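Structure first, then comments.
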Amino acid sequence: MLDAVNNSFKHVELHQKRYPDLIEKYGELNFHSLKANDGKIFFEAPSYSFDYCRVVMRPIAVIFQCGLQTTNDVDDFINGRICGSNGYGHFSYDYEPHDAIDRMIDACNPECMDCGEYGDDCDCPNFIYGDNQGDFNGNIDPIFDIEDVMSQISGTREWSK
């Protein structure tokens with residue numbers, strides 16, 4: 001999809017004979033597919049609608065700040081293992097008691113990894129990706145343990161018995 005979008009912008013529109021498979025799958029793509037709305041740039045096509053800057057441009061911009069040197073670095077970036085502010089489930093905690101309140105706040109109010117908004121401000125349900133509608137994709141700490149965090153906040157483990 002990203003190749004189709006980027007090629008359509010580079011060439012003003014997709015060349016009918018050169019990209020028949022892309023056109024069949026995604027429809028007529030051209031620079032008119034980008035539309036400004038409420039301070040954001042959206043990609044709009046019959047079967048696709050999403051925040052272009054967030055989905056396409058943000059990862060491209062960040063890649064220049066990550067100091068990628070090898071193909072393993074690129075793989076780590078793509079899979080969120082480095083440059084964590086753009087990776088899934090990356091948290092910089094020491095997982096010590098002094099982090100417990102921050103961990104609870106993040107668990108109760110996660111940022112959407114796809115649009116960067118919180119809770120009701122997430123506009124991903126308005127996005128369409130072919131046959132799928134977007135939804136809130138919270139950046140949840142994969143090792144968050146409510147009982148452990150609560151016991152560290154309260155200072156006692158008795159509450160969990």
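What you see is a predicted model; the values in this text were computed from it and never measured.
When the side chains of ILVMFWY residues are joined at heavy-atom separations under 4.5 Å, either directly or via intervening members, Phe127 and Ile41 end up in a single hydrophobic cluster. Transitive grouping of hydrophobic side chains (ILVMFWY, heavy atoms separated by less than 4.5 Å) keeps Ile128 and Phe43 in distinct clusters. In the hydrophobic cluster analysis, where Ile, Leu, Val, Met, Phe, Trp and Tyr join through side-chain heavy atoms closer than 4.5 angstrom, Val149 is grouped together with Ile105.
Remark: side-chain polar atoms of Gln133 are paired, donor with acceptor, to backbone N or O of Pro125 under 3.5 angstrom.
Here the side chains of Lys40 and Asp123 are in contact, with some heavy-atom distance below 4.5 Å. For the pair Phe136/Glu117, no side-chain contact is recorded, criterion being any heavy-atom separation below 4.5 Å from C-beta on. You'll find the side chain of Met104 reaches within 4.5 Å of the side chain of Ile146, heavy atoms only. The shortest side-chain heavy-atom distance between Asp51 and Phe42 falls under the 4.5 Å cut-off.
By the 30° and 60° cut-offs, the orientation of the rings of Tyr95 relative to Tyr93 is perpendicular.
Within the model, atoms CG of Asp106 and CD1 of Ile101 stand 12.0 Å from one another, a figure rounded to the nearest 0.5 Å. Annotation: the span from Ile153 atom CD1 to Arg103 atom CZ amounts to 8.5 Å, rounded to 0.5 Å. Taking CD of Glu111 as the start and CG of Asn137 as the end, the distance is 11.0 Å to the nearest 0.5 Å.
Few gaps surround CG on Asn109; more than 12 heavy atoms of other groups in view lie less than 6.0 Å from it.
Of all non-hydrogen atoms in Cys122 and Cys112, the two that sit nearest each other are SG-SG, 3.8 Å.
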